[in-house]
Amino acid sequence: MFKKLVFAGCLSLLAFTGVSQAKETYVIGAGGTYRPFEFENSEKQLEGFDIDIIKAVAAAEDFDVKLINTPWEGIFATLSAGDRDILISGITITDKRKQMVDFSAPYFPAEQAIVVNENSPISALSELSKYNVGVVNSSTGDIVVSDVLGKTSTAIKRFDNTPLLLQELYEDGVDAAVGDVGVVKFYIKTHPDKKFKLIYDNHFEKQYFGIAVAKGNTELQEKINRGLAKIIADGTYAKIYQKWFDNDVPSLPAQ
């Protein structure tokens with residue numbers, strides 16, 4: 001009984017003197033190779049759009065984060081094993097993944113976009129059959145364009161990454177490119193000399209990135225959703241989006 005009274009007295013003293021208890025710290029798994037969402041800087045620290053988002057959510061909900069560079073292969077296993085509390089790594093919300101993890105509300109529209117030089121006459125996906133089109137090999141863009149032109153079409157030019165693809169577009173080696181809108185927007189922002197324009201098409205499937213937690217961890221899921229709602233409402237989300245992409249800040253669907 002004495003120990004309990006002393007402990008209660010200590011808590012009361014801490015409250016009286018204004019000393020707060022330590023914040024909850026969550027271990028965050030994020031890849032380090034998907035620029036501009038998460039990548040390692042020269043000091044081997046993670047940065048990117050996703051990193052800024054989770055830090056802002058943490059500030060809004062008053063918790064701390066410990067960031068760990070986590071390779072994509074096996075990233076979901078780290079969550080189920082309890083080695084990570086939260087995953088934010090450009091993860092597209094899919095029905096299959098919903099069976100393994102619980103997702104936050106969507107925080108980024110991850111659709112495809114057509115990229116062309118500013119004077120191009122191309123205005124829709126259906127028109128690509130008349131042109132040479134570049135894609136990143138085995139990407140979603142590759143799948144979409146293969147459906148339009150045929151997988152074995154010689155009009156499809158495949159590249160190892162987006163910078164190589166867009167440099168080829170700039171040099172008129174291809175007439176159009178199809179790629180992930182976030183990666184493309186970041187490239188355009190960091191290469192203002194290349195006068196590209198984006199074309200959206202309703203035939204592209206609407207997809208979104210979500211923040212993942214362990215299946216059944218509704219408390220943490222709700223905490224993340226509250227944080228997302230706060231940073232969207234107070235303009236923090238828009239500032240982060242503009243920092244990495246452009247001023248065309250998207251409207252996001254509710255969970």
Side-chain angles (χ1 to χ4, degrees), residues 33-39 48-50 53 90-94 105-210 232 237-253:
T33 59
Y34 188 32
R35 192 182 297 263
F37 293 95
E38 48 273 325
F39 58 96
F49 175 79
D50 282 356
I53 289 293
I91 304 171
T92 303
I93 300 170
T94 66
Y107 72 91
F108 187 85
E111 70 265 29
Q112 299 294 295
I114 302 167
V115 194
V116 294
N117 287 303
E118 61 180 351
N119 297 320
S120 172
I122 297 171
S123 61
L125 180 65
S126 59
E127 297 173 9
L128 295 184
S129 58
K130 308 172 187 175
Y131 300 95
N132 289 323
V133 183
V135 297
V136 174
N137 189 34
S138 300
S139 66
T140 302
D142 190 352
I143 295 169
V144 171
V145 174
S146 293
D147 287 342
V148 176
L149 302 184
K151 189 170 184 178
T152 59
S153 172
T154 56
I156 302 175
K157 310 299 180 184
R158 295 179 172 88
F159 298 84
D160 289 336
N161 56 58
T162 299
L164 287 175
L165 164 62
L166 295 182
Q167 181 62 30
E168 187 75 2
L169 175 63
Y170 178 67
E171 295 175 356
D172 295 323
V174 292
D175 302 302
V178 175
D180 295 343
V181 66
V183 179
V184 169
K185 279 191 170 191
F186 177 71
Y187 184 91
I188 291 172
K189 183 179 181 67
T190 54
H191 296 79
D193 56 308
K194 296 178 171 65
K195 305 299 183 181
F196 293 142
K197 64 179 179 180
L198 289 179
I199 298 168
Y200 299 96
D201 193 289
N202 290 332
H203 289 89
F204 289 132
E205 181 182 359
K206 287 286 185 183
Q207 294 183 314
Y208 294 91
F209 289 161
I232 291 170
Y237 178 91
K239 290 178 181 177
I240 295 172
Y241 188 93
Q242 290 162 347
K243 170 185 173 181
W244 292 101
F245 304 111
D246 55 29
N247 293 328
D248 189 18
V249 181
S251 297
L252 297 168

Whether Phe209 and Tyr34 hold their rings parallel, tilted or perpendicular, with breakpoints at 30° and 60°: perpendicular

Phe245 vs Tyr241 aromatic rings, parallel, tilted or perpendicular, using cut-offs 30° and 60°? tilted

Go through the steps to decide whether Val181 and Phe204 satisfy the test side chain to side chain contact (heavy atoms under 4.5 Å, CB included), and finish with yes or no. CA-CA 11 Å; Val181 66; Phe204 289 132; over 6 Å; no

If you apply the rule side chain to side chain contact (heavy atoms under 4.5 Å, CB included), what do you find for Leu128 with Val178, and how did you get there? CA-CA 10 Å; Leu128 295 184; Val178 175; 4.0 Å; yes

Do you know which of Phe108, Phe186, Trp244 makes ring pair (Phe, Tyr, Trp, His ring centres under 6.0 Å) with Phe49? Phe108

Between Asn117 and Phe196, does a side chain to side chain contact (heavy atoms under 4.5 Å, CB included) hold up when you go through it step by step? CA-CA 5 Å; Asn117 287 303; Phe196 293 142; 3.2 Å; yes

Closest contact, heavy atoms only, Ala176 versus Ile114: CB-CG2, 4.2 Å

List for me each residue that meets side-chain hydrogen bond (donor to acceptor under 3.5 Å, both in side chains) alongside Tyr107, sequence neighbours excluded, and say none if there are none. Asp50

Donor-acceptor pair, Asp175 side chain versus Asn132 backbone, under 3.5 Å? yes

Whether the side chain of Asp201 engages the backbone of Leu125 through a donor-acceptor N/O pair (distance < 3.5 Å, no angle test) should be reported. yes

Please lay out, stage by stage, how Thr162 and Arg35 fare under the test side chain to side chain donor-acceptor pair (under 3.5 Å). CA-CA 10 Å; Thr162 299; Arg35 192 182 297 263; over 6 Å; no

Just checking Lys189: does its NZ atom have more than 12 heavy atoms from other residues, nucleotides or ligands closer to it than 6.0 angstrom? yes

NE2 of His203: more than 12 outside heavy atoms within 6.0 angstrom? no

Contacts of type salt bridge (charged side-chain N to carboxylate O under 4.0 Å, His left out), residue Asp180, not counting sequence neighbours: none

